[in-house]
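Numbers here simply count residues along the sequence, with the first being 1. The model shown is predicted, which means the values in this text are computed figures rather than measured ones.
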Amino acid sequence: NAGNISINTETLSLTNGAGVFASSDGQGSAGSVTINARDGVSLDGANGIYTSNSTNSIGNNGGIRIKAGTLSVTNAQLNSSTSGMGNAGDVTIDARDRVSFNQGSVFTSANSRATGKGGDISITSGDISLANGSQINLSTNGQGNAGNAFLTTRSLSLTDRSELTLSTTGQGNAGNAFLTTRSLSLTDLSRLTASSNHNSPENSSAIGNGGNINLQIGDLLLLRGQSLISTSAGSDAFTGNSGNITINAPLIVAFPSNNDITANAFSGIGGQVIINTQGLFGIAPLSRAELERRLNTTDPSQLNPNNLLTSDITAISQQSPSLNGTVDINSSYLNPSQNLVELPKKVVDPTTQIAQNPCQHGAGSTFAITGRGGIPSNPNQTLAGDNVRVGLVTPVSSRGTATTTATLPSTKPTVKQAVPVQGWVFNDKGQVVLTAYDPTKTGSQRPWRTSTSCAKQ
């Protein structure tokens with residue numbers, strides 16, 4: 001067996017082809033690498049960190065554990081794989097501030113033979129980024145399952161052809177991805193996949209299934225530049241069922257440039273896509289029938305939403321329509337127009353709402369003018385003197401309580417203007433009452449300055 005390596009330091013820097021190895025070229029197990037760096041770990045143009053087993057090995061891989069302020073991997077590799085019969089090693093990364101993979105950097109945890117399984121990767125960090133074709137690749141080519149990915153971070157971004165891949169080309173199943181983040185963005189041909197790809201003739205019995213993808217996103221999922229989230233299975237020569245995709249995100253935005261979410265199988269069972277969101281923009285579910293219509297073909301090998309220019313969500317079985325999956329979108333997004341009330345088109349005649357002869361409807365009716373409450377007659381006028389004014393609030397005393405006073409303008413008695421008699425009516429006692437309007441005419445005819453009341457007797 002290979003030995004173990006443990007490094008404790010403030011800063012670890014590997015450059016110009018330097019590397020850390022705890023590997024086995026014999027039948028034994030590979031060792032483990034443990035790094036504790038208070039400030040950071042940097043791999044720049046380095047050979048990398050390896051805990052690998054050779055094809056002759058029957059032992060397991062020891063794995064890699066890194067705890068640091070930051071981890072920066074540029075044009076370098078982290079490798080915890082086995083080519084033998086044992087299990088690939090697990091990798092645990094705990095970075096306080098950030099983890100970044102740049103310039104085609106690759107992390108690999110793979111098993112290529114027999115019954116061994118691929119290793120898991122667990123990353124906890126403030127921010128995680130993969131850029132410029134970098135990859136996290138968890139795979140298996142034998143009977144064992146590929147490893148799982150557990151990522152917990154404030155923000156996760158994959159840009160410029162970067163990939164997080166959990167795959168199998170053997171009889172085992174692809175791994176599962178569990179991502180918890182406030183924001184997730186995939187841009188410029190980046191991919192998040194958990195697939196079984198059976199394209200090798202030597203794997204004639206390969207029946208592995210696609211993995212599951214579970215995304216817990218606090219704010220935003222952003223897809224742009226032909227990016228992909230997919231769990232797929234099978235090909236024209238091999239079977240296999242698709243995995244499932246679950247996305248919980250308040251807001252999902254996909255730019256209209258062929259960004260897809262798919263849970264498809266070729267001849268096996270299509271998966272289930274469950275999306276819980278408050279807003280889904282730029283991307284929509286697409287049925288198998290609609291996909292055939294848009295592509296103008298029923299050839300199973302051509303039923304790929306990636307052949308369309310739109311952004312789509314699919315869960316189909318390309319060769320077997322009866323085995324199609326489902327897409328369930330649960331959205332609490334509210335349409336602002338759905339609770340609007342349509343106003344009546346008929347305009348009410350105000351004269352039908354006011355009694356023309358108040359004396360015929362009994363005593364006690366009143367009409368009060370309360371003023372405009374400080375509002376001028378129209379927006380172009382200044383406040384008039386008869387508007388209500390409210391005084392300032394007296395400041396709170398440190399030893400007393402606050403009091404509020406309001407100063408109102410003095411009210412002068414209004415001189416009543418004599419109005420000539422226009423007609424007369426009988427009141428409810430049979431007495432003649434003179435009126436300031438003509439009772440023989442209909443419609444509104446009272447001057448706005450006229451005030452009429454019925455005397456009580």
Side-chain angles (χ1 to χ4, degrees), residues 149 151-158 164 176-187 190-195 210-232 241-265 269-295 303-318 321 323-342:
L151 275 63
T152 302
T153 180
R154 183 171 52 241
S155 67
L156 174 61
S157 64
L158 285 73
L164 171 54
N176 304 313
F178 302 90
L179 277 58
T180 301
T181 179
R182 185 179 301 170
S183 65
L184 170 60
S185 63
L186 283 78
T187 62
S190 295
R191 294 170 175 258
L192 168 57
T193 60
S195 59
N212 299 318
I213 297 176
N214 189 300
L215 306 180
Q216 301 292 330
I217 301 173
D219 293 330
L220 171 66
L221 169 59
L222 177 66
L223 303 172
R224 66 185 304 173
Q226 302 181 51
S227 295
L228 176 67
I229 297 176
S230 174
T231 167
S232 58
N241 301 324
S242 172
N244 301 318
I245 299 176
T246 301
I247 302 175
N248 295 307
L251 183 61
I252 300 175
V253 177
F255 283 72
S257 56
N258 196 8
N259 301 282
D260 297 324
I261 299 174
T262 64
N264 300 339
I269 301 173
Q272 185 177 28
V273 178
I274 301 175
I275 298 177
N276 299 305
T277 182
Q278 297 177 12
L280 183 67
F281 300 95
I283 188 169
L286 189 65
S287 67
R288 176 192 173 91
E290 183 65 16
L291 183 60
E292 291 177 349
R293 188 189 67 81
R294 292 190 186 181
L295 293 174
L303 295 182
N304 186 347
N306 191 49
N307 296 329
L308 296 173
L309 296 179
T310 54
S311 295
D312 308 297
I313 305 172
T314 59
I316 66 171
S317 177
Q318 293 175 242
L323 300 180
N324 286 338
T326 60
V327 176
D328 298 319
I329 298 177
N330 305 308
S331 177
S332 59
Y333 172 73
L334 298 178
N335 185 346
S337 65
Q338 66 182 10
N339 291 323
L340 296 180
V341 177
E342 184 177 358

key: Qualifying residues under side-chain hydrogen bond (donor to acceptor under 3.5 Å, both in side chains), relative to S317, sequence neighbours excluded   = none
note = Closest non-hydrogen atoms of A265 and S242, given as atom of the first, atom of the second and distance, are CB-N, 3.9 Å
task = Give me the one residue out of L156, L220, I252 that meets side-chain contact (heavy atoms from CB on, under 4.5 Å) with L184.
result = L156
ask   = Stepwise, does the side chain to side chain donor-acceptor pair (under 3.5 Å) test hold for T181 with T153?
value = CA-CA 5 Å; T181 179; T153 180; 5.1 Å; no
key: Test item: N241 side-chain N/O and I269 main-chain N/O as donor-acceptor pair under 3.5 Å   = yes
ask   = Any salt bridge between R294 and D312, counting N to O under 4.0 Å?
value = yes
message = Can a donor-acceptor pair be found, under 3.5 Å and without considering hydrogens, that links the side chain of N276 to the backbone of N248?
response = no
Flag, side chain of N244 to backbone of G271, donor-acceptor distance under 3.5 Å = no
ask   = Is a side-chain donor or acceptor of D260 paired with a backbone partner of L228 at a separation under 3.5 angstrom?
value = no
Exam field: side chain T277 to backbone G279, donor-acceptor pair closer than 3.5 Å = yes
ask   = So does L308 have more than 12 non-hydrogen atoms from other groups sitting under 6.0 Å from CG?
value = yes
ask   = Hey, is the main chain of I316 close enough, under 3.5 Å, to the side chain of N264 for a donor-acceptor pair?
value = yes
key: Contacts of type side-chain hydrogen bond (donor to acceptor under 3.5 Å, both in side chains), residue D328, not counting sequence neighbours   = Q272
inquiry  = Can a donor-acceptor pair be found, under 3.5 Å and without considering hydrogens, that links the side chain of N258 to the backbone of S311?
reply    = no
